[in-house]
Amino acid sequence: MPEERSLNFIEDIVEEDLAAGKYKHVHTRFPPEPNGYLHIGHAKSITLNFNLAKKYGGKTNLRFDDTNPTKEETEYVESIKEDVQWLGYKWDHEFYASDYFEQLYLFAETLINQGKAYVDDSSAETIALEKGTPTTPGITNSYRERSIPENLKLFREMRDGKYQDGEKVLRAKIDMAAPNMHMRDPVMYRIKHAAHHRTGLKWCIYPMYDFAHGQSDSLEHITHSICTLEFVPHRELYDWYIQQLGIFPSHQYEFARLNMSYTVMSKRKLLQLVQEGIVDGWDDPRMPTISAFRRRGFTPESIRNFCERIGVAKRENLIDFGLLEFCVREHLNKIAQRRMVVFDPLKLVITNFEENHVENLESDNNPENPADGKRNIPFTRELYIEKDDFMETPPKKYFRLAPGKMVRLKSAFIIQCNEVIKDEFGDIKELHCTYIPESRSGQDTSNIQVKGTLHWISALHTTSIELRMYDRLFTEEEPLKKEKDFLEYINPQSCIVLKNVYAESELLNATFHERYQFIRKGYFCLDKDTTAGHLVFNQTVGLKDSWAKEMKKA
RNA sequence: UGCCCGAUAGUAUAAGGGUAGUACAACAGUUUUUGGUACUGUCUGUCUUGGUUCGAAUCCAGGUCGGGCAACCA
């Protein structure tokens, strides 16, 4: 399918460039700022950049955009590297904008020498004021007319630590009346006496994004520098710096960032959720971060597939969270080991089954993949089924168990419900059923047709596990676009913990690598909170449930 | 009232002057020892007004609507 997919607009551009002989290779880069964890929106960018280089025979660098020491941390660098690798991508070089600080500094002196940059002593407020507004031009100040030697001397003094934070900045000398605000003498360097996660205290001046990004692209000979739409107005400046410096002409192309329903995709908002303890860290399985999806059991394949399906264009978009769920179900259906787990047990006694006898049955580990083999499951006189798989007075088209009705127990026998035993409060205590010996799975000679098949578990062979059931983090599709603060729309049901759930004992052998389908329920994986005696599973995603949908309609 | 970007089913995304297609969602059905999976079918779309043309989603002009831009953030 990916072979036949039509090209997106960036691939179009690349193919035109290649056809025109503009480049021989396509070099891209993924340039995160290490100030937070990667989210699914970054996955879209990662997929785009790496796939482009792979498809057209080029390289992709991982470059950390670390020009602001007060916000960036090594912890984030490590998490970003882990996430990119987990997604299945290998970068060509690992670079840091901070690798280029010396070179960028020299570029700045070059511009000063060309009379295209100057040191401004104004305060941040004054600079903002003099910049004007989108509808009114800015004004020039006297610092703009400083001589080249004076600018050079002051800039060197800035570098040498002679001034305090905010005392001076280096600005490009472009046009204070430019219709594009970014061209009104943008700041190139600011003073920050702060320790940088890589360069330590070596520098006290740091380049701004605009003066670092394009030059870094150029130094790496990035041919197609892909970023999101909010950088469109920066492109003019991106090109300007490269042109003044006469360096390798990287070009910037912009696409629309990913937005997904029922979540937020801003690093700032995600950080807020973490810091205010609304979620339990960056990898809380309800977060839209890569690390959260990993913990929750999503596969890298399914995320890559999702990123390829959503397409790349320039219009604002809101992708249905359901599409991601579809992608993960699609993959998990093929690879997940099937197991039986009863969430909410109802005891069932097979009255015509010998006491203390254990009948060994077997069941497919994965009907989608016979190579996964079968496993043993014990059948005994006392079993548990799901409480909601029984109804005393069932509605029409209810295929599950009811008084007098028959159902198949998965991979076992057909049973019939004969008697409902209740306690003194009238609550159902247990069900008495009989089984049809000739209906044994795989050797059924009973000729009885039943519509329903239930999962079940032998009461003598249960193991107790903890389940964490996740739902969307917000109750609203676009929590940021509602009238109230987005935190008001947190879904109180987004994490429900089921403590003592009965699972078949085969799950005692569960591994962190394996994915499971709890039959008729959903996909699950072992959580990192698991300890030797206590298994904890995360629900990755539920199975599609057309019966529940049917009931909702009624 | 400046500059820039955008507008195709509910949601995304194709069609590059010549049959508006695909996926998800929704709906109906077939198969089924998972009410899962698989399969089949159905529904819904070119923002608007003009122009160019034999022919316009596509090219041109005006309008409308949505988004971005005034950090010593990226």
Side-chain angles (χ1 to χ4, degrees), chain A residues 1 4-8 12 31-33 35 65-68 70-72 120 122-124 127-129 131-138 165-171 178-184 186-192 205-206 208-210 212-213 227 229-236 254 256 261 267-268 309-320 322-327 329-330 333-334 338 340 363-364 367-368 397-400 407-412 414 439 441-442 444 450-455 477 517-522 542-550:
Chain A
M1 187 191 75
E4 293 168 20
R5 206 194 77 234
S6 49
L7 304 182
N8 62 49
D12 282 341
E33 183 190 13
N35 67 344
D65 229 325
D66 56 351
T67 55
N68 186 354
T70 58
K71 287 191 177 166
E72 295 147 9
D120 191 328
S122 308
S123 66
I127 288 177
L129 220 61
K131 203 165 257 184
T133 71
T135 50
T136 58
D165 289 8
E167 247 187 271
K168 287 180 167 46
V169 289
L170 181 71
R171 289 226 258 172
N180 180 347
M181 297 293 292
H182 293 271
M183 301 301 278
R184 320 242 265 223
V187 172
M188 292 166 61
Y189 268 91
R190 75 284 217 200
I191 299 168
K192 275 182 193 274
I205 56 170
Y206 292 93
M208 298 289 289
Y209 165 84
D210 287 301
H213 201 100
C227 61
L229 249 28
E230 64 269 31
F231 292 97
V232 169
H234 294 246
R235 189 176 60 230
E236 192 179 351
E254 312 85 9
S261 57
K267 266 198 221 173
R268 220 196 99 242
R309 272 183 205 239
I310 56 179
V312 179
K314 298 188 78 158
R315 72 188 84 128
E316 297 287 324
N317 60 76
L318 180 68
I319 307 285
D320 188 352
L323 181 61
L324 214 208
E325 294 182 332
F326 169 82
C327 291
R329 280 195 195 102
E330 180 179 56
N333 175 52
K334 293 189 188 116
R338 312 293 137 124
M340 292 207 273
S363 189
D364 286 332
E368 301 290 320
K397 290 200 283 183
Y398 185 82
F399 305 146
R400 284 115 98 143
V407 293
R408 155 83 58 186
L409 292 181
K410 174 76 183 168
S411 298
I414 292 173
S439 67
S441 185
D444 191 342
V450 291
K451 282 224 134 169
T453 299
L454 310 185
H455 61 282
E477 278 201 321
Q517 183 199 100
F518 294 170
I519 288 179
R520 301 211 301 140
K521 287 297 190 178
L543 249 32
K544 253 173 70 180
D545 190 346
S546 49
W547 174 245
K549 201 192 276 179
E550 187 79 18

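Every chain is numbered from 1 and lettered A, B, ... according to where its sequence line falls, protein lines coming before strand lines. When reading the values below, keep in mind they use all heavy atoms of this one structure, side chains included, and skip hydrogens, waters and symmetry mates.
- Heavy atoms only, all atoms of each residue included: A/A212 and A/T67 are closest at CB-CG2, 3.6 Å.
- Across the strands present, B/U44 finds no partner; the criterion is a Watson-Crick or G-U wobble pair with both atom distances under 3.5 angstrom.
- The shortest non-hydrogen separation linking A/T133 to A/R184 is O-NH2, 2.6 Å.
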Going 5' to 3' through nucleotides 29-40 of chain B, assign each nucleotide B (protein heavy atom under 4.0 Å from a base atom), S (under 4.0 Å only from sugar-phosphate atoms) or - (no protein heavy atom that close). ----BBBBS---
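- Relative ring orientation between A/H234 and A/Y209 is described as perpendicular, the plane-to-plane angle rising above 60° on a 0-90° scale split at 30° and 60°.
- B/C72 makes up no base pair with any nucleotide shown, lacking Watson-Crick or G-U wobble contacts both under 3.5 Å.
- Spacing of C1' atoms, B/U37 relative to B/C43, comes out at 24 Å, to the nearest Å.
- The same atom, C1', is picked in B/G50 and in B/U64; the two are 14 Å apart, to the nearest Å.
- With rounding to whole Å, A/L318 atom CG is found 16 Å from B/A7 atom C1'.
- Contact detail for A/Y206 and A/K192: the closest heavy-atom pair is CE1-O, 3.3 Å.
- The distance from the CZ atom of A/R338 to the CG atom of A/N333 is 5.0 Å, given to the nearest 0.5 Å.
- One atom, NZ of A/K314, and another, P of B/U13, lie 13 Å apart when rounded to the nearest Å.
- A/E477 and A/L318 get closest at one heavy-atom pair: OE1-CD2, 4.4 Å.
- The distance from the CG atom of A/D65 to the NE2 atom of A/H213 is 5.5 Å, given to the nearest 0.5 Å.
- A side-chain donor-acceptor contact under 3.5 Å links A/R329 to the backbone of A/G542.
- Closest approach of A/T453 to A/L409, counting heavy atoms only: CG2-C, 4.5 Å.
- If you measure from atom CZ of A/R315 to atom P of B/U11, you get 11 Å, rounded to the nearest angstrom.
- Atom C1' of nucleotide B/A26 and atom CG of A/L323 are separated by 15 Å, given to the nearest angstrom.
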I need a per-nucleotide contact map over nucleotides 64-74 of chain B, read 5' to 3'. Cutoff is protein heavy atoms under 4.0 Å; write B for the base, S for backbone only, - otherwise. ---S-SBSBSB
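- Here the separation of B/U42 from B/C60, taken at their C1' atoms, is 39 Å to the nearest Å.
- Taking atom P in both B/G45 and B/U53, the straight-line distance is 31 Å, to the nearest Å.
- Between B/U1 and B/G6, the two P atoms lie 25 Å apart (nearest whole Å).
- Counting all heavy atoms, side chain and backbone alike, A/V187 lies closest to A/M208 at O-CG, 3.2 Å.
- Across B/U52 and B/A57, the matching P atoms stand 16 Å from one another, rounded to whole Å.
- The separation of B/A56 from B/G16, taken at their C1' atoms, amounts to 13 Å, rounded to a whole angstrom.
- Nucleotide B/G66 forms a pair with B/C5, judged by Watson-Crick or G-U wobble geometry with both contacts under 3.5 Å.
- Heavy-atom nearest nucleotides on RNA chain B were determined for A/K549 and for A/I310, and the one closer to the 5' end corresponds to A/I310.
- Nucleotides B/A20 and B/A15, compared at atom P, are 16 Å apart to the nearest Å.
- Comparing A/G322 and A/N8 by the nucleotide of RNA chain B that holds the closest heavy atom to each, the one mapping nearer the 5' end is A/N8.
- In this structure, B/A12 and B/U22 make a Watson-Crick or G-U wobble pair, each of the two defining distances being under 3.5 angstrom.
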